[in-house]
Amino acid sequence: MPTPTLSAHNLVRAYGPHTAVDHVSFELHRGEVLGFLGPNGAGKSTTMQMLTGNLAPTAGSIRICGVDLLEHPTTAKAHLGYLPETPPLYRDLTVDEFLALAARLHRVAKGEIAAAVARAKERCGLKKAGKKLIASLSKGYRQRVGIAQAIVHNPQVVILDEPTVGLDPLQIREIRSLIRELGGEHSVILSTHILPEVESTCDRVQIINDGKLVFQDTLSSLQQRMGSSSLEEVFVQLVVNEEAAP
Amino acid sequence: MIVAVARKELRALFGSPLAWSVLAVLQALLAYIFLGQLDAYLSLQPRLTQIANPPGVTEMVAAPLFSAAALVLLMAVPLLSMRLIAGERRDRTLVFLLSAPLTLTEIVAGKFLGLLLFLAAVATLPLLMALSLYAGGTLDLGLILANFLGLLLLAAAFAALGLFLSSLTASPTVAGIASLGAFLGLWVINMAVSDPDSALNTLSLLKHFESFNRGLIDTADIAYFLLFTALFLAFTVRRLDNERLGG
């Protein structure tokens, strides 16, 4: 097997006595879209913050394209694109300026910035919005700009935290097909609450509950193993069982 | 990379009306003070010629102008520095910088540099006004440049402390008020001190600026401003790093 683009090993994050993420390990390979599920407060966002270097894990290690995130954060982060739950957008900048800034900060060579921005805009359907101020964009367009800034430097690993929240059905379809397309050459981690979204876009699913990974499998083997039962049933079963247990 | 962050900060400043209104208001204020000083000098000039060693136009017009500019900076820097980190935190954009392949030092240095470049533009206003006096006579260029250097160092110290206070909170207003309080406090800290050797004199920003204002370039004052600036920049980096570690 080739080296995974992202591997997390025994990640732990404790806030005082409370353990938000408890020994989570997983791997992500090139061309894969991983659905990351879990109820609210299960540790999804904390895990993503650790994967992107925004939060230091209490224990465990993270490697991105073979580079240790904790030892060589800048080299590792150059391979990452991240869209947090709230897209981090500078309202005073135009779309072009903002994407150029994102490219520059992610070490895209000077001569290639314009091309990188044009490509990201094309992929996210922002071609006509380049000169607009971000403050004047609708929510759907802002979300697209958020995705565009995550992929402008053509990273190996793209991490998207609830990318389709607040979009209309048409936009959701577009974003989903974009995620599928990204999965072709990048690795994508997609966090979401929408289970059909996972079924339509992801190759593999993992479910986190109460800080622990409770399920990890490919969608195809899930379908084989569970027969007719849907992802929703699996999710409900795992999460509710956990909650019922003391 | 530091330059890229600094450029972004400058772009944010000049892209908003904030920077322009600050520059316009300061210029109007300083111009009025300049005019007042010049007027006073001109009305005193006939009497000055009777004194043996009269103060020159630089001392009587330019130096007070720069000390007014220092006070004006004291008020203006909190408005500009408060958003640097607190504002990004409030708008949830800080994560954009933290996820980019930048070290915390690069982020902090870039933000500091961006603000300092803007403040350098502010400091150029009184410099140009003072130099305009060349139209009517000769000037003590050394005194003017000492004042300009002092103003730049003071601006750096203000910017570093303001940046640090901005890193402590997610509310720009709180950061702004805290900065204003801290600057004023450090300005007047030696007010009630009678002993000239008191440590409070060493802490007072005004005391150190006064030397430059008199045309005295003392390495101790330069060292004070540089250490002050470096210390608070280091604190800011530590603070952001603690946030990553502690959550």
Side-chain angles (χ1 to χ4, degrees), chain A residues 13-16 18 20-21 45-46 48-58 64 67 69-70 72-94 97-98 100-108 110 113 133-135 146 149-150 153 155 159 161, chain B residues 1-22 80 83-111 113-115 118 167 170 172 237-247:
Chain A
R13 174 72 214 193
Y15 292 100
H18 172 64
V21 174
S45 286
T46 308
M48 296 204 159
Q49 283 177 331
M50 287 195 283
L51 295 178
T52 54
N54 278 276
L55 202 62
T58 313
I64 292 159
V67 185
L69 178 68
L70 300 171
H72 307 283
T74 49
T75 322
K77 281 180 188 172
H79 298 297
L80 266 180
Y82 178 38
L83 170 69
E85 224 173 317
T86 319
L89 306 174
Y90 293 109
R91 301 166 55 89
D92 294 338
L93 299 184
T94 66
E97 285 169 340
F98 177 64
L101 172 71
R104 210 176 305 127
L105 291 183
H106 282 93
R107 300 175 172 182
V108 174
K110 213 169 190 176
I113 288 178
L133 275 181
I134 290 175
Q149 64 83 25
H153 52 296
I159 299 182
D161 199 348
Chain B
M1 278 301 138
I2 294 175
V3 175
V5 179
R7 261 178 66 179
K8 167 204 157 283
E9 291 305 328
L10 280 176
R11 176 69 190 71
L13 272 173
F14 284 106
S16 70
L18 179 68
W20 298 108
S21 37
V22 166
L80 299 162
R83 343 163 338 279
L84 285 176
I85 295 176
E88 293 229 23
R89 212 178 261 143
R90 185 197 53 193
D91 298 340
R92 315 268 180 119
T93 49
L94 195 57
V95 58
F96 173 73
L97 294 178
L98 295 179
S99 315
L102 299 169
T103 61
L104 290 175
T105 312
E106 283 171 330
I107 296 175
V108 170
K111 283 183 169 288
L113 185 66
L115 179 57
F118 179 75
S167 77
V237 174
R238 291 293 312 160
R239 161 71 198 173
L240 288 179
D241 199 36
N242 272 346
E243 206 161 314
R244 189 178 65 86
L245 296 168

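We name chains A, B, ... by the order of the sequence lines, and we start the count at 1 in each one.
Counting heavy atoms from C-beta outward, A:Pro84 and B:Arg92 have side chains that stay 4.5 Å or more apart.
Residues satisfying the ring pair (Phe, Tyr, Trp, His ring centres under 6.0 Å) criterion with B:Phe96, sequence neighbours excluded, are A:Tyr90, A:Phe98.
In this structure, A:Lys77 contributes its side chain and B:Leu98 its backbone to a donor-acceptor pair below 3.5 Å.
Between atom NE2 of residue A:His106 and atom CE of residue B:Met1 there is a gap of 9.5 Å, rounded to the nearest 0.5 Å. Within the model, atoms CG of A:Leu101 and CG of B:Leu97 stand 7.5 Å from one another, a figure rounded to the nearest 0.5 Å. Separation of atoms OG (B:Ser99) and CD (A:Gln149) is listed at 8.0 Å; rounding is to 0.5 Å.
Each of A:Thr52, A:Asp92, A:Asn54 has some count of heavy-atom pairs under 4.5 Å with chain B, and the biggest count is that of A:Asn54. Most heavy-atom pairs under 4.5 Å with chain B, from the set A:Leu80, A:Leu83, A:Thr86, A:Thr46: that is A:Thr86.
Only the side chain of A:Glu97 comes within contact range of chain B, with at least one heavy atom under 4.5 Å from a heavy atom of that chain. The contact between A:Ala102 and chain B is made by backbone and side chain atoms together, counting heavy-atom distances below 4.5 Å.
Taking every heavy atom of both residues into account, B:Leu245 and A:Ala56 meet most closely at CD2-CB, 3.6 Å.
For a heavy-atom cut-off of 4.5 Å, chain A lies close to B:Ala4, B:Val5, B:Arg7, B:Lys8, B:Arg11, B:Ala12 in residues 2-12 of chain B.
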